[in-house]
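Letters go in sequence order (proteins before strands), and every chain restarts at 1.
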Protein chains: 2
Amino acid sequence: MSDWREFDQNPVSHSAAHHLTTIGDLHDEVGYARVSDVARHLGITRGSVSVTLKGLRHRGLVVEDEHKHLSLSVEGQRIAQGIRTKRILIQALFRDVLGVPDEIAEQDACKIEHLISDMTAEAAGSLLEGLEDLSEDQRIRSLVESARSSSDSSSPFPDTATQQLANRLLKKAAAIESEDS
Amino acid sequence: MSDWREFDQNPVSHSAAHHLTTIGDLHDEVGYARVSDVARHLGITRGSVSVTLKGLRHRGLVVEDEHKHLSLSVEGQRIAQGIRTKRILIQALFRDVLGVPDEIAEQDACKIEHLISDMTAEAAGSLLEGLEDLSEDQRIRSLVESARSSSDSSSPFPDTATQQLANRLLKKAAAIESEDS
DNA sequence: TCGATGAGTTTGGCTACCCAAACAGGTTGA
DNA sequence: TCAACCTGTTTGGGTAGCCAAACTCATCGA
């Protein structure tokens, strides 16, 4: 079994993840983010935020200007964007692929967004992109073509059971189609 | 946004989840589980396990016989089995549907197994069951039939983008098939 | 029988979070 | 001008985990 304690040696904790994304969100939405704003947004006290941000400033993820306005460093932005992206992808994966209600999908995504590996998040993105593409007829056609040639490396799907599913469905559909008629 | 602090008010923590599943595993594999065995298995000290298990005994999830042998209560077994099931389903979801390498899928599953909602885990199970079914030609045929009628409530897939994908692929494949010939 | 070994517990220390409360500094309105 | 208010920080307290180290007990072998 892989080391179960990798859990808490993540680059950013659940708490830190939400502090960072909140600062980013506030900055984008209202133009600034102060300790009190972050605290209100997260539902915790100013004191807690003050202490946590001291650590994040020290780690170079958050910077503070002369007006006590907080913003993310380049590295902080990179991390926050990564977490936001993972949250969205996981939520969409659970909602659109698994069929879980949006609210449940959001709760689950919120809990695991900072724990998911880049590779898994990217794979979810590829799958969802594939699903998205399918809503446009022209792309469906190219998908079908690539599924037919069965060795097209530019397939929007990773080489997974899902692609195999698509391939099998295509071939079997044609077979059954002719058989039935 | 749903309350981000639901994170740490889960029924069982990451640590507790692994203590419980370890006791269950050891009990099944070697017939007994002692504090030292659990500690060795988890890679932490006996002292840490001793303290943690005091809490789990107090919560009625772990019981200890006169020989200091640990086992899970009925409730403990229920929780451990739930976590094990979620770990397997999530790992399979990431590996077989997203195409992530097994090792990465396992690491990710280990981190989030105790955080995923029952509904999401069940939905993953349904999807995987559907993929499993597809490997048998007879079931593929019935899937295709149900996709054609497009209102079959007994479909092995939940009504999601994945089913819609299957439906679209089937319809479009037939259309393009005739168009090309 | 007695020392070594192993098992389980307890204790003090550490990190990471949270809170409440006290404190300090700036702004604002009467 | 000055009290009321808002902001941010600090401090003491609490929980959850982890470790190292000391301690207790039981067992086992020479």
Checklist entry - 5' to 3' on DNA chain C, which nucleotides open and close the contacts with chain A (atom under 4.0 Å from a heavy atom)? => result C/dC17 to C/dA20
Item to check | pair A/Val38-A/Leu26: side-chain heavy atoms closer than 4.5 Å | outcome: yes
Checklist entry - Closest approach of A/Ser36 and A/Arg46, non-hydrogen atoms and distance? => result OG-CD, 3.1 Å
Item to check | Shortest non-hydrogen contact between A/Arg59 and A/Pro11, atoms and distance | outcome: NH2-O, 2.8 Å
Item to check | Gap between atoms CD1 and P, on B/Ile44 and D/dA20 respectively (whole Å) | outcome: 12 Å
Checklist entry - Between B/His114 (NE2) and D/dA16 (C1'), how many Å, whole number? => result 13 Å
Next on the checklist: Can a donor-acceptor pair be found, under 3.5 Å and without considering hydrogens, that links the side chain of A/Thr85 to the backbone of A/Gln81?
Outcome noted: yes
Checklist entry - Do A/Asn10 side-chain atoms and A/Val12 backbone N/O form a donor-acceptor pair below 3.5 Å? => result no
Checklist entry - B/Asp3 side chain to B/Arg5 main-chain N or O, any donor-acceptor pair under 3.5 Å? => result yes
Next on the checklist: On the nucleotide D/dG17, are OP1 or OP2 found under 4.0 Å from the side-chain N or O atoms that B/Ser13 carries?
Outcome noted: yes
Next on the checklist: Run the salt bridge (charged side-chain N to carboxylate O under 4.0 Å, His left out) test on A/Arg34 and A/Asp37 for me, step by step, so that the C-alpha distance in whole Å, both residues' side-chain angles and the decisive distance to 0.1 Å come before the verdict.
Outcome noted: CA-CA 5 Å; A/Arg34 297 167 305 174; A/Asp37 303 318; 3.0 Å; yes
Item to check | Per-nucleotide protein contact string for nucleotides 5-10 of chain D, where B marks a base within reach and S marks sugar-phosphate only (heavy atoms under 4.0 Å, - for neither) | outcome: --BBBB
Item to check | Whole angstrom value for the distance that separates C1' of D/dC18 from NE2 of B/His19 | outcome: 10 Å
Checklist entry - What orientation do B/Trp4 and A/His19 show, parallel under 30°, tilted 30 to 60°, or perpendicular over 60°? => result perpendicular
Next on the checklist: D/dC19, OP1 or OP2 - any side-chain N/O from B/Thr45 closer than 4.0 Å?
Outcome noted: yes
